[in-house]
Novice: 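Dropping a structure here in structure tokens format, bear with me for questions.
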Amino acid sequence: RSVYDDQPNAHQRFMEKLDACIRNHDREIEKMCNFHHQGFVDAITELLKVRADAEKLKVQVTDTNRRLQDAGKEVIAQTEEIIRCRVQQRNITTVVEKLQLCLPVLEMYSKLKEQMNVKRYYSALKTMEQLENLYLPRVSQYRFCQIMIENLPKLREEIKEISMSDLKDFLESIRKHSDRIGETAMKQAQQQKTFNTSLQKQNNVNYGRNMHLGRSRILESKNEITLKRTFEDDEHEEEVLTAQDLVDFSPVYRCLHIYSVLGDGEIFENYYRKQRRKQARLVLQPQSSMHETVEGYRRYFSQIVGFFVVEDHILHVTQGLVTRTYTDELWNMALSKIIAVLRTHSSYCSDPDLVLELKNLIVVFADTLQGYGFPVNRLFDLLFEIRDQYNETLLKKWSVLFRDIFEADNYSPIPVANEEEYKIVISKFPFQDPELDKQSFPKKLPMSQSVPQIYIQVKEFIYASLKFSESLHRSSTEIDDMLRKSTNLLLTRTLSSCLQNLIKKPHIGLTELVQIIINTTHLEQACKYLEDFISNITNISQVTVHTARLYGLSTFKDARHAAEGEIYTKLNQKIDEFIQIADYDWAMSESDGRASGYLMDLINFLRSTFQVFTHLPGKVAQTACMSACQHLSTSLMQMLLDNELKQISMGAIQQFNLDVIQCELFASSEPVPGFQGDTLQLAFIDLRQV
């Protein structure tokens with residue numbers, strides 16, 4: 001350090017010291033060399049001695065090595081061959097091991113492709129699941145496995161699309177086959193109901209065999225024939241078809257399983273229910289002309305039944321695709337729509353036969369769906385509404401029948417030439433008259449031809465009304481009440497209206513009116529037989545507290561009163577016609593000495609008319625006679641006291657007096673029996689005073 005401190009002569013002193021240090025080291029080296037020199041010389045001498053031996057050894061080693069190399073060449077070659085073989089063997093073993101891992105993967109993938117080709121998509125998904133979870137992880141390092149792994153999601157999507165396409169085809173198929181499925185189901189339900197009814201009748205016959213042996217044997221044989229025919233029909237019919245026979249449900253099962261495996265079961269359920277709701281709306285939409293034919297209603301009901309039969313099948317064979325809550329909700333929606341449609345379209349039906357066919361279809365429709373567990377009480381409530389409409393159409397139809405009967409009637413007593421004809425008449429109408437029975441043939445029954453015809457038509461109406469009440473699951477008491485109410489409507493509204501219109505017609509004369517009164521009397525008496533007829537049909541005694549009564553008495557009484565009033569009116573009109581042709585010469589000097597011709601004609605007309613009244617009740621004939629006399633007296637008095645009449649000669653008064661005398665003589669001749677004293681003559685007392 002002092003060398004670099006710039007001290008004076010520092011460098012020189014350093015160099016001097018360095019030289020001194022070198023000389024000291026040289027002396028030490030020399031001493032060391034002198035000390036070891038002899039050992040070095042000895043060593044060199046020994047090395048020189050060994051040199052010759054070393055060269056010999058080298059020659060021997062070289063020769064040995066050459067000979068060893070020559071001998072080991074074959075060994076080396078064989079060793080290298082062994083090494084190469086062992087490497088190949090190891091590689092083969094490795095390849096076999098890897099192939100053993102890959103072959104199951106390839107086999108499974110090949111199986112997957114085959115399943116896809118034969119459309120076994122659910123099995124294909126299971127195979128995919130095994131590939132992903134078990135096989136592919138073992139060989140995931142290979143490129144072909146990566147390709148497989150990339151293809152699996154695509155295959156899943158392909159399976160979903162294909163299964164969804166199959167589902168759409170399935171939905172289209174059941175939409176097309178719904179009517180056939182429903183028709184088959186309704187037919188089976190109807191056959192089952194017929195069989196149960198026959199079996200029940202058979203049991204009833206066996207139960208009552210001891211009480212009514214003879215009658216029971218006849219009924220039993222009939223029922224056995226019915227059952228035998230039923231069994232024979234079943235044997236000859238084709239095998240009973242079900243929804244599975246008509247529609248292949250495998251697509252929906254397959255699609256459900258596929259979506260469930262893929263974890264999209266809820267998506268599939270929502271899609272299926274949405275599509276079925278759309279189809280339900282289409283099925284529930286009726287054709288505009290449905291109400292015109294029975295086939296229109298039958299096809300409508302068949303489609304609906306087919307729809308719900310399929311849903312019921314899906315409910316029972318799948319788990320969770322549809323639920324009871326879902327089907328009940330769908331049925332309630334459909335039921336509301338069905339009832340609205342039937343209310344609308346049934347209101348267009350004017351043919352009672354079509355309404356009856358509609359009722360039968362509704363009953364079969366309701367029984368079929370009830371058999372599948374759907375509530376149908378609202379349908380039977382609807383049938384009561386349709387029953388009222390059916391009764392209305394019946395009333396309109398019978399109104400035409402009644403009018404035709406009244407138009408065709410000759411309004412004269414029924415002639416019977418012999419007992420056979422008499423029995424024919426009383427077989428149609430319950431007529432009893434001991435006095436008439438004592439008379440010999442030929443004779444005449446008091447009523448006209450329309451009476452037995454009306455009675456028969458009323459019974460036919462009851463039968464027609466009964467047809468609608470069948471199969472409504474109602475008690476005999478309720479059916480009896482229905483029949484009586486509808487029959488009352490027929491009597492009080494339809495028949496009464498027809499009678500009133502008939503009485504008001506201008507071509508109906510006094511003779512016809514008299515016959516109408518007689519006819520209504522006999523029809524009124526026949527009402528009790530109609531009540532017995534209804535009781536026999538329904539097996540409900542008339543003594544039952546709640547049994548309704550027929551209102552025929554009031555109907556026919558009103559008709560008689562109207563006819564009586566019309567008789568009084570027509571008599572007065574006829575009197576007015578005679579009065580109008582009266583031609584008095586109020587200025588004549590003396591009378592003709594006899595009554596006026598118009599008045600004699602009028603009196604003769606009244607005599608002949610009142611003779612016809614002998615078949616009428618006494619009060620009716622007396623009232624008509626009194627009314628006619630009073631009207632005649634009033635008309636003559638008005639003629640005499642006319643304001644336009646300014647003067648009257650004594651001859652005219654005498655002539656008028658002769659006419660009044662004839663009127664008084666007519667009144668005193670008792671044209672209608674039953675008047676007391678001079679009661680009828682009092683009708684002319686005021687005229688006589690004037």
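No hydrogens, no waters, no symmetry mates; every other heavy atom, side chains included, goes into these values.
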Novice: Quick one: does D481's side chain have a donor or acceptor within less than 3.5 Å of a partner on T477's backbone?
Specialist: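 Not a single qualifying donor-acceptor pair exists.
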
Novice: Would you say that M128 contacts L125 through its side chain, given a criterion of any heavy-atom pair below 4.5 Å between the two side chains?
Specialist: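 M128 vs L125: side chains touch.
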
Novice: Is any side-chain heavy atom of V355 less than 4.5 Å from a side-chain heavy atom of K359?
Specialist: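 No; the side chains remain at least 4.5 Å from each other.
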
Novice: Look at the side chain of E269 and the backbone N and O of V322, then say whether any donor-acceptor pair between them is shorter than 3.5 Å.
Specialist: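 Checked: no pair found.
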
Novice: L358 versus F301: any side-chain heavy-atom pair under 4.5 Å?
Specialist: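 SC-SC contact between L358 and F301 confirmed.
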
Novice: Do side-chain atoms of S496 reach the backbone of R493 as a donor and acceptor pair under 3.5 angstrom?
Specialist: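 No, because the side chain of S496 does not come within donor-acceptor range (under 3.5 Å) of the backbone of R493.
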
Novice: Could you tell me whether K111 and E114 have a side-chain N and a carboxylate O separated by less than 4.0 Å?
Specialist: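 No, this pair does not count.
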
Novice: Search all heavy atoms of F461 against all heavy atoms of L394 and return the closest pair with its distance.
Specialist: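 Here F461 and L394 meet closest at CE1-CB, 3.5 Å.
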
Novice: Hey, can you tell me if H313 and F249 have their rings parallel, tilted or perpendicular (30° and 60° cut-offs)?
Specialist: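 The arrangement is tilted - the two ring planes meet at 30° to 60°.
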
Novice: Salt bridge or not for R180 and E183, using N-O below 4.0 Å?
Specialist: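 No, R180 and E183 are not salt-bridged.
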
Novice: Kindly indicate whether the side chain of V87, heavy atoms from C-beta on, has any atom under 4.5 Å from the side chain of R84.
Specialist: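 Of all side-chain heavy-atom pairs linking R84 with V87, none is under 4.5 Å.
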
Novice: Set out, in order, the CA-CA distance, both residues' side-chain angles and the distance that settles side chain to side chain contact (heavy atoms under 4.5 Å, CB included) for L383 and V363, then state yes or no.
Specialist: CA-CA 9 Å; L383 284 175; V363 170; 3.8 Å; yes

Novice: Taking the inter-plane angle between the rings of F365 and W331 on a 0 to 90° scale, is it parallel (under 30°), tilted (30 to 60°) or perpendicular (over 60°)?
Specialist: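 Geometry flag for W331 against F365: tilted rings.
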
Novice: Are side-chain N/O atoms of R403 and S497 paired as donor and acceptor at under 3.5 Å?
Specialist: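 Distance-only check fails for R403 and S497.
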
Novice: Between V458 and L491, what is the shortest heavy-atom contact and its length?
Specialist: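 The pair with the smallest heavy-atom distance is CG2-CD2, 4.4 Å.
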
Novice: Without swapping roles, check the side chain of Y253 against the backbone of T318 for a donor-acceptor pair under 3.5 Å.
Specialist: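 No: the side chain of Y253 does not pair with the backbone of T318.
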
Novice: Show, in sequence, the C-alpha distance, side-chain angles and deciding distance for M108 and L134, and conclude whether the side chain to side chain contact (heavy atoms under 4.5 Å, CB included) test is met.
Specialist: CA-CA 11 Å; M108 292 296 289; L134 184 61; over 6 Å; no

Novice: Using a 3.5 Å distance criterion without hydrogens, assess whether the side chain of R273 forms a donor-acceptor pair with backbone atoms of L321.
Specialist: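 Yes, the answer is positive, given that a donor and an acceptor are paired below the 3.5 Å cut-off.
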
Novice: Begin with the C-alpha distance, continue with both residues' side-chain angles, and end with the deciding distance and a verdict on side chain to side chain donor-acceptor pair (under 3.5 Å) for S465 and R484.
Specialist: CA-CA 10 Å; S465 182; R484 292 178 185 274; over 6 Å; no

Novice: Are I537 and I479 packed together at the side-chain level, in the sense that at least one heavy-atom pair is separated by less than 4.5 angstrom?
Specialist: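 The answer is no, as the side chains (C-beta and beyond) never meet within the 4.5 Å cut-off.
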
Novice: Within a strict 4.5 Å, meaning less than it, do heavy atoms of the K168 and Y271 side chains meet?
Specialist: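 Yes, their side chains come closer than 4.5 Å.
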
Novice: Given the rule in the side chain to side chain contact (heavy atoms under 4.5 Å, CB included) test, do H257 and F268 qualify, once you have shown the distances and angles that lead to the verdict?
Specialist: CA-CA 10 Å; H257 292 157; F268 173 73; over 6 Å; no

Novice: Would you call K397-E460 a salt bridge at under 4.0 Å N-O?
Specialist: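 Not counted as a salt bridge, because no side-chain N and carboxylate O are separated by less than 4.0 Å.
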
Novice: Measuring from C255:SG to F170:CZ, what's the distance to the nearest 0.5 Å?
Specialist: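 Interatomic distance, C255 SG to F170 CZ, rounded to 0.5 Å: 10.5 Å.
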
Novice: Should the heavy atoms of other residues, nucleotides or ligands under 6.0 Å from CZ of R324 be counted, would the total exceed 12?
Specialist: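 Correct, the count exceeds 12.
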
Novice: Does R175 come within less than 4.0 Å of E172, counting only side-chain N to carboxylate O?
Specialist: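 Yes, this pair counts.
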
Novice: Is there side-chain contact between Y142 and K98, with heavy atoms separated by less than 4.5 Å?
Specialist: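 Side-chain contact under 4.5 Å: yes.
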
Novice: Before accepting this row, confirm whether a basic side-chain N of the pair K119/D166 lies closer than 4.0 Å to the acidic partner's carboxylate O.
Specialist: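 No, no charged N to carboxylate O under 4.0 Å.
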
Novice: Using atom types as modelled and distance alone, determine if a side-chain donor or acceptor of N536 lies under 3.5 Å from a backbone N or O of D532.
Specialist: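 Here the side-chain-to-backbone pair exists.
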
Novice: If you apply the rule side chain to side chain contact (heavy atoms under 4.5 Å, CB included), what do you find for M116 with E158, and how did you get there?
Specialist: CA-CA 10 Å; M116 292 289 292; E158 181 182 352; 3.8 Å; yes

Novice: With no hydrogens and no angle check, just 3.5 Å: does a side-chain donor-acceptor pair link Q279 and R276?
Specialist: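 Checked: Q279/R276 side chains pair up, N/O donor to acceptor below 3.5 Å.
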
Novice: May I ask you to say whether R156 pairs ionically with E132, meaning some side-chain N is under 4.0 Å from a carboxylate O?
Specialist: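 Result for this pair is yes, salt bridge flagged.
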
Novice: With a 4.5 Å heavy-atom cut-off, do L315 and E311 have their side chains touching?
Specialist: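 No, too far: nothing below the 4.5 Å cut-off.
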
Novice: Main chain of L256, side chain of S260: is a donor-acceptor contact present, judged purely on distance under 3.5 Å?
Specialist: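 Side chain of S260 to backbone of L256: a pair is present.
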
Novice: If every non-hydrogen atom of R378 is compared with every non-hydrogen atom of N332, which pair is closest and at what distance?
Specialist: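 Taking R378 first and N332 second, the nearest heavy atoms are NH1-O, 4.2 Å.
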
Novice: If you count every heavy atom of other residues, nucleotides or ligands that lies below 6.0 Å from Q141 atom CD, does the total exceed 12?
Specialist: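 Atom CD in Q141 is crowded, with more than 12 foreign heavy atoms closer than 6.0 Å.
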
Novice: Could you tell me which non-hydrogen atom of T368 sits nearest to which non-hydrogen atom of A189, and how far apart they are?
Specialist: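 Taking T368 first and A189 second, the nearest heavy atoms are OG1-CB, 3.3 Å.
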
Novice: Taking the six-membered ring for Trp and the single ring otherwise, decide whether the centroids of F308 and Y372 are under 6.0 Å apart.
Specialist: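 No, the ring centres sit 6.0 Å or more apart.
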
Novice: So, taking the atom named CG in L401 and the one named CD1 in I456, what distance separates them when rounded to the nearest 0.5 Å?
Specialist: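 Answer for the CG-CD1 pair, L401 versus I456, is 12.0 Å.
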
Novice: Are the aromatic ring centres of F533 and Y463 under 6.0 angstrom apart?
Specialist: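 Judged by ring-centre distance (under 6.0 Å), F533 and Y463 do meet the cut-off.
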
Novice: Which heavy atom of A464 sits nearest a heavy atom of Y390, and at what distance?
Specialist: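 A464 and Y390 have their closest heavy atoms at O-OH, 2.7 Å.
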
Novice: So, the side chain of S399 versus the backbone of L395: is there a donor-acceptor pair under 3.5 Å, distance only?
Specialist: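 Judged by distance alone, no pair lies under 3.5 Å.
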
Novice: Using modelled atom types and a 3.5 Å cut-off, is there a donor and acceptor pairing between side-chain atoms of S178 and backbone atoms of I174?
Specialist: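 Side chain of S178 to backbone of I174: a pair is present.
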
Novice: Rounded to the nearest 0.5 Å, how far apart are CG of L282 and CZ of F307?
Specialist: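 Here the rounded value is 10.0 Å.
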
Novice: I need the minimum non-hydrogen distance between C102 and V139, along with the two atoms involved.
Specialist: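 That would be SG-CG1, 3.7 Å.
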
